[in-house]
Amino acid sequence: MNIINYFYKHYQNFKRNSYKKKVKKVVKSVGRDLKVNNPSYVTPYTELGNNVNFNGMKIQGHGKISIGDNFHSGIDCMIISDIHNYDKGLAIPYDDTIISKDIVIKDNVWLGNKVMILPGVSIGEGAIIQAGSVVVNDIPKYAIAGGHPAKIFKYRDKKHYKQLKKEQKFH
């Protein structure tokens with residue numbers, strides 16, 4: 001390994017550790033083996049399971065965010081738990097009221113790059129969300145969904161998924 005690669009590798013590790021410390025400092029709870037590979041932002045209402053991998057996650061709002069074990073996000077993903085009061089508010093386009101809604105992401109979920117999850121959504125175990133998608137409705141377990149708004153277009157091979165889970169083969 002040449003000297004440039006050596007220093008680059010150590011610099012990358014330093015940055016990842018710095019990102020991880022910032023996330024751990026803010027979250028309500030975190031399991032073991034958190035990995036934060038790019039700048040990521042969370043809230044004090046965020047609960048993370050084991051083996052959570054952020055590659056540039058931005059979480060905002062006052063709703064509870066629950067992320068299960070073996071979660072992986074692509075680059076530039078966003079989870080938003082607050083919306084403005086536009087429907088029954090006292091002003092147009094919205095008033096000063098903030099409406100917070102919880103978001104639940106179960107175990108073994110993978111978000112592609114630039115996925116956005118909106119308030120009140122639940123994503124089932126083993127689901128995959130295609131890059132660039134906006135999730136506005138619940139996604140059931142094992143579903144593969146994509147688009148704006150995200151729609152289910154396929155399901156994982158459940159037998160294969162359950163076998164890998166039984167063998168505890170997690171990335």
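Only heavy atoms go into these numbers, but all of them, side chains included; no hydrogens, no water, no symmetry mates. Keep in mind it's a predicted model, so treat the numbers as computed, not measured. Along the sequence shown, residues are numbered consecutively beginning with 1.
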Quick one: closest heavy-atom pair of [X] and [Y], and the distance?
| X | Y | answer |
| --- | --- | --- |
| A127 | I139 | CB-CG2, 4.1 Å |
| Q130 | V115 | O-CG2, 3.4 Å |
| S81 | G63 | OG-N, 2.9 Å |
| T43 | Q60 | CG2-CA, 3.9 Å |
| P119 | I83 | CG-CG2, 3.3 Å |
| C77 | L111 | SG-CB, 4.1 Å |

> Crowded around D96 CG? As in, over 12 foreign heavy atoms under 6.0 Å?
Replying inline: no
>> Atom CD of residue position Q168 - does it have more than 12 heavy atoms of other residues, nucleotides or ligands inside 6.0 Å?
In response: no
> Could K165 and Y161 be counted as a cation-pi pair, given that NZ or CZ must be under 6.0 Å from the ring centre and within 45° of the axis?
Replying inline: no
State, with a plain yes or no, whether a side-chain heavy atom of [X] is found less than 4.5 Å away from one of [Y].
| X | Y | result |
| --- | --- | --- |
| I105 | I79 | yes |
| Y45 | H62 | yes |
| D82 | K101 | no |
| V104 | I123 | no |
| I128 | R156 | yes |
| V135 | I129 | yes |

>> Checking the side chain of N38 only, and the main-chain atoms of N55 only, is there a donor and an acceptor separated by less than 3.5 Å?
In response: yes
>> So does I75 get a backbone contact from the side chain of N113, meaning a donor-acceptor N/O pair under 3.5 Å?
In response: yes
If you measure from [atom1] on [X] to [atom2] on [Y], what distance do you get to the nearest 0.5 Å?
| X | Y | atom1 | atom2 | value |
| --- | --- | --- | --- | --- |
| K106 | I67 | NZ | CD1 | 13.0 Å |
| I103 | I59 | CD1 | CD1 | 8.5 Å |
| H72 | N53 | NE2 | CG | 3.5 Å |
| Y94 | N85 | OH | CG | 11.5 Å |
| N137 | S122 | CG | OG | 11.5 Å |
| N5 | Q12 | CG | CD | 11.5 Å |

> Are D95 and Y86 close enough that a side-chain donor and a side-chain acceptor fall under 3.5 Å?
Replying inline: no
>> Can you classify the ring geometry of F71 versus F54 as parallel (below 30°), tilted (30 to 60°) or perpendicular (above 60°)?
In response: perpendicular
> Which pairs, with at least one residue in residues 51-69 and sequence neighbours excluded, count as a salt bridge (Lys or Arg N to Asp or Glu O under 4.0 Å)?
Replying inline: E47-K64, K58-D76
>> Once salt bridge (Lys or Arg N to Asp or Glu O under 4.0 Å) is applied, what residue pairs with a partner in residues 133-152 remain, sequence neighbours excluded?
In response: none
> Given the rule in the side chain to side chain contact (heavy atoms under 4.5 Å, CB included) test, do I144 and I152 qualify, once you have shown the distances and angles that lead to the verdict?
Replying inline: CA-CA 6 Å; I144 302 172; I152 299 162; over 6 Å; no
Anything under 3.5 Å between a donor and an acceptor, one on a side chain of residues 17-36, the other on a protein residue two or more places apart or in another chain? List them.
from, atom 1, to, atom 2, distance (Å)
N17, ND2, N13, O, 3.3
R32, NH1, N50, OD1, 3.4
K35, NZ, N51, OD1, 3.2

>> I'd like to know if W110 and V52 are part of one continuous hydrophobic network [Ile/Leu/Val/Met/Phe/Trp/Tyr, side-chain heavy atoms within less than 4.5 Å].
In response: no
